Amino acid sequence: MREMRSHALSGRFGFRDLAKCALGIQEPELRAYLMLLKGGPLTVQQVARGMRRSRPTAQRILSNLVAKGLAARSDSALRGGGRLYRYEAVPLDRVKAMIREIIDEWYGKFISALEAEGIGGPGGTKA
């Protein structure tokens with residue numbers, strides 16, 4: 001919380017910080033999302049190479065992005081059998097809208113907490 005406050009007050013609080021905080025993603029997930037946004041759709045192997053990570057690590061990162069609604073997976077049949085999976089980033093405007101919704105929800109909760117009658121809760125006292 002202290003780091004977020006210092007970033008916001010210093011003017012260094014940008015999209016990357018907002019995305020990580022509001023969407024609950026780590027830097028590698030953000031890097032993968034931005035890679036998909038720029039060059040997608042991409043395979044797991046392409047993402048692994050681009051991030052200089054192992055294939056299983058890239059697979060886990062991409063699965064997290066899909067689970068969080070930041071990427072979509074599509075597949076196609078291979079001639080010799082099997083499937084080829086490709087990952088594509090959700091459009092940036094949609095991700096920004098997701099972040100705005102989360103921030104608006106937080107704002108509403110913060111205002112409600114400030115306007116609540118009395119002072120109470122963890123570590124607080126009644127007025």
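The structure presented is a predicted model; accordingly, all values stated were derived computationally and were not measured. When reading the values below, keep in mind they use all heavy atoms of this one structure, side chains included, and skip hydrogens, waters and symmetry mates.
Within the 4.5 Å cutoff, side-chain heavy atoms of P28 are placed close to those of M51.
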Go through M35 and Q46 one step at a time and tell me if the side chain to side chain contact (heavy atoms under 4.5 Å, CB included) criterion holds.
-> CA-CA 10 Å; M35 182 184 298; Q46 289 170 318; over 6 Å; no

CA sep, side-chain torsions, deciding dist, call: I25, Y33, side chain to side chain contact (heavy atoms under 4.5 Å, CB included) | CA-CA 10 Å; I25 61 176; Y33 170 77; 5.7 Å; no

In sequence, state the C-alpha distance, the side-chain angles, and the governing distance for L18 and I103, and then conclude on side chain to side chain contact (heavy atoms under 4.5 Å, CB included).
-> CA-CA 9 Å; L18 288 171; I103 291 170; 4.0 Å; yes

Stepwise salt bridge (Lys or Arg N to Asp or Glu O under 4.0 Å) check, E105 with K109 = CA-CA 6 Å; E105 181 182 334; K109 289 179 180 181; 3.2 Å; yes

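Closest approach of L30 to K20, counting heavy atoms only: CD2-CG, 4.1 Å. Across all non-hydrogen atoms, the minimal contact from R16 to R31 is NH2-CG, 3.9 Å. Residues K68 and L23 come closest through the heavy atom pair CD-O, 4.0 Å. The two residues I99 and A19 come nearest to each other via the heavy atoms CD1-CA, 3.8 Å. Counting all heavy atoms, side chain and backbone alike, A77 lies closest to R83 at CB-NH1, 3.3 Å. Residues L36 and A71 approach most closely at CD1-CB, 4.0 Å, considering heavy atoms.
The structure places CZ of R100 at 8.0 Å from CG of D93, a figure rounded to the nearest 0.5 Å. Separating the CG atom in L70 from the CG atom in N64 is a distance of 10.0 Å, to the nearest 0.5 Å. With values rounded to the nearest 0.5 angstrom, Q59 atom CD is found 11.0 Å from Q45 atom CD. For the atom pair CG of D75 and OG1 of T43, the computed distance is 13.5 Å after rounding to the nearest 0.5 Å.
Between the side chain of E101 and the backbone N or O of M98, no donor-acceptor pair lies under 3.5 Å.
At a threshold of 4.5 Å between side-chain heavy atoms, the hydrophobic network of Ile, Leu, Val, Met, Phe, Trp and Tyr places L84 and L62 in two separate groups. The hydrophobic cluster containing Y87 does not contain L78, counting ILVMFWY residues as joined when their side-chain heavy atoms lie under 4.5 angstrom apart, directly or transitively.
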